[in-house]
Protein chains: 2
Amino acid sequence: MSKCEQCIISEFSTLKSLSKDDLKNISYHKDSIDFKKGDVLFSEGTIINGVYCIKEGVCKLSRLSANGKEQIVRFIKGGDMLGYRSVLSEEPVSLTVTALKDLKACYIPKKEIFDAMKSNAKFSMDMIKTVCHDLKDANMAITNMAQKSVKERLADTLLFLKETFGLDKDGYLDIILTREEFSSVIGTATESAIRLLSGFKKKGLIALDGKRVKVLNESELIRISQGF
Amino acid sequence: MSKCEQCIISEFSTLKSLSKDDLKNISYHKDSIDFKKGDVLFSEGTIINGVYCIKEGVCKLSRLSANGKEQIVRFIKGGDMLGYRSVLSEEPVSLTVTALKDLKACYIPKKEIFDAMKSNAKFSMDMIKTVCHDLKDANMAITNMAQKSVKERLADTLLFLKETFGLDKDGYLDIILTREEFSSVIGTATESAIRLLSGFKKKGLIALDGKRVKVLNESELIRISQGF
DNA sequence: CATATTATATGACATTTATCAGTAATTTTC
DNA sequence: GAAAATTACTGATAAATGTCATATAATATG
């Protein structure tokens, strides 16, 4: 089942404005590719010639800072599109994308994207809105990084992960991050992330089981994230 | 001289793809408005129905954080467009815009923008590229905020201000910020910003004359901004 | 399954940054 | 141009965060 017009993704993502014909046209050109956990889809600085449409799975978008530490800038999940900023602006990719879970993805060559944008004004506007939305989120992230303490940012991150990825069958966050990855989301030393997680556990705000994290007291996490 | 087709801005900004006809059409609808230093052009949360095209002057784009402190997210100068993210995505403005210098600006109703985008694919792509470029900058800012120390961020900011706004006739940065504004760019307490500026002055990296700042040792500031 | 490797955890300490208090300088207002 | 208000500065101290060292647990590898 590699036909775009049958793919559920097209119903709720940026692709939703494409007609059956558009999608049929794309499905001739796209390749369905699966990635394994840990695979790198794009690397910082690379030139790409198409986008990935993620059907299922989770990725991290990160950049290497001057001091060599990884900074996770954003997460991507099923239904999201990857690499469109680079394709639209015809610049190299600015972030490295790594699979955090096994991925099901489709590759759409940039020509298909541009053709669809030319022939379908609504799709074009949806693409613009997607970029605009990401820009708004990024501006918010700048403020959070600049003004919140590490503890506040950790609380924020836990709430964000719960909202974005939901819970698994046992009520744990349905995304697995190492302590080091936690530290590169919130921008702190790994030891600090570990200590703060232990601290939250001690206060009964979260439960920890290996790398799995369960939110126990959401309202208190909200209070903390707002600086109380 | 309120005719868009004569305005120099149209030659080097996102508007450069518009034809003489497009510009003539816009000039019937636009109002030329001047703002004084300190004036607020948009407020966080407001719904706007057009963009400002800045002919001359400087603005700060800021947001109020949960703890009530202002965070300056970005600067805008002559040739830049304001409010386009909100107009394109049909959402309220997410940042407050304040004039730091007297402004000469033109107001372009959103209808004109959308019409021009429909009729002129090149203009449409230029708008997209503008958003994409801003998004890339914002991602970079997230990394800098998360991983650089306050001192590194101050060095960064000084270099950025020099590159973006250039120098006045005496060789000082051609933008005047209060110490508090410095602190809300780099995301720190005002006292810390003051101390760090004094520290840079003591080391001969910069000269201070009231609110005016002159970069004396650029290469050392670059070293500092990179964490040495 | 034994060993090597990596991830997590914790303590001690250094450094960075924030906060509070108070003064001096500058700018605004009348 | 004097008084009031704001902004800039400085010191003392507290709090947050980073670094280094080391131990333990978990995971990977042959």
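In what follows, every chain begins at residue 1, and chains take the letters A, B, ... in the order their sequences are listed. Scope of the values below: all heavy atoms of this structure, side chains included, with no hydrogens, waters or symmetry mates.
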- Task: Please list, by residue number, the residues of residues 174-185 of chain A whose heavy atoms come closer than 4.0 Å to an atom of DNA chain C; answer none if no residue qualifies.
- Result: A:Thr178, A:Arg179, A:Glu180
- At what angle, to 10 degrees, do the two end axes of the helix from C:dC1-D:dG30 to C:dC30-D:dG1 meet, given five pairs define each axis? 60°
- Taken to the nearest whole Å, CD1/A:Ile194 to P/D:dA23 is 17 Å
- Task: Mind jotting down which residue pairs meet the side-chain hydrogen bond (donor to acceptor under 3.5 Å, both in side chains) criterion with at least one end in residues 198-214 of chain B? Sequence neighbours excluded, please.
- Result: B:Asp168-B:Arg212, B:Asp170-B:Arg212, B:Asp209-B:Arg212
- Pairs in or reaching into residues 172-191 of chain B: which pass salt bridge (charged side-chain N to carboxylate O under 4.0 Å, His left out), with residues at least two apart or in two chains? B:Lys60-B:Glu181, B:Lys101-B:Asp174
- Query: Would a 4.5 Å heavy-atom cut-off, applied to side chains only, mark A:Thr96 and A:Arg63 as touching?
  - Reply: no
- Task: Look at the side-chain N and O atoms of B:Lys211 and state whether any lies under 4.0 Å from the OP1 or OP2 oxygen of D:dA8.
- Result: yes
- Query: Any N or O donor-acceptor pair linking the side chain of A:Arg195 to the base of D:dG18 at under 3.5 Å?
  - Reply: no
- Task: Answer whether the closest heavy-atom distance between the side chains of A:Cys106 and A:Lys55 falls below 4.5 Å.
- Result: yes
Could you give the side-chain donor-acceptor pairs of residues 34-47 of chain B under 3.5 Å, partners two or more places apart or in another chain?
from    : atom 1 : to      : atom 2 : distance (Å)
B:Asp39 : OD2    : B:Lys36 : N      : 2.7
B:Glu44 : OE1    : B:Leu64 : N      : 3.1
B:Thr46 : OG1    : B:Ser43 : O      : 2.5

- Taken to the nearest whole Å, NZ/B:Lys37 to C1'/C:dT27 is 11 Å
- Message: It should be established whether A:Ser198 places a side-chain nitrogen or oxygen under 4.0 Å from OP1 or OP2 of nucleotide C:dT10.
- Response: yes
- Query: For the pair made of CG in B:Leu196 and C1' in C:dA18, what is the distance, rounded to whole Å?
  - Reply: 12 Å
- Does B:Thr190 put a side-chain nitrogen or oxygen below 4.0 Å from OP1 or OP2 of D:dT7? no
- Item | Spacing of B:Lys202 atom NZ relative to D:dT10 atom C1', expressed in whole Å | 10 Å
- hbond_proxy B:Glu191 side chain to D:dC9 base (donor-acceptor, 3.5 Å cutoff): no
Just list the side-chain donor-acceptor pairs under 3.5 Å for residues 219-228 of chain A, sequence neighbours left out, or say none.
from     : atom 1 : to       : atom 2 : distance (Å)
A:Ser219 : OG     : A:Asn217 : OD1    : 3.2
A:Glu220 : OE1    : A:Arg223 : NE     : 3.3
A:Ser225 : OG     : A:Ile222 : O      : 3.0

- With the side chain counted from C-beta on, respond yes when A:Val131 and A:Tyr84 share a heavy-atom pair under 4.5 Å apart, and no when they do not. yes
- Message: Counting C-beta onward and ignoring hydrogens, is there a side-chain heavy-atom pair between A:Leu158 and A:Leu173 closer than 4.5 Å?
- Response: yes
- Message: Rounded to whole Å, please give me the gap between CD in B:Gln147 and P in D:dT19.
- Response: 11 Å
- Do the non-hydrogen side-chain atoms of A:Pro109 and A:Asn49 ever get within less than 4.5 Å of each other? no
- Report yes or no: is there a donor-acceptor pair, N or O only, under 3.5 Å between the side chain of A:Arg153 and the base of D:dT17? no
- Message: Both B:Lys151 and A:Leu208 contact DNA chain C. Which one's nearest nucleotide lies toward the 5' end?
- Response: A:Leu208
- Task: Please report, rounded to the nearest Å, how far the P atom of C:dA9 is from the CG atom of A:Leu197.
- Result: 8 Å
- Between A:Ser192 and D:dG18, does any side-chain N or O lie under 4.0 Å from OP1 or OP2? yes
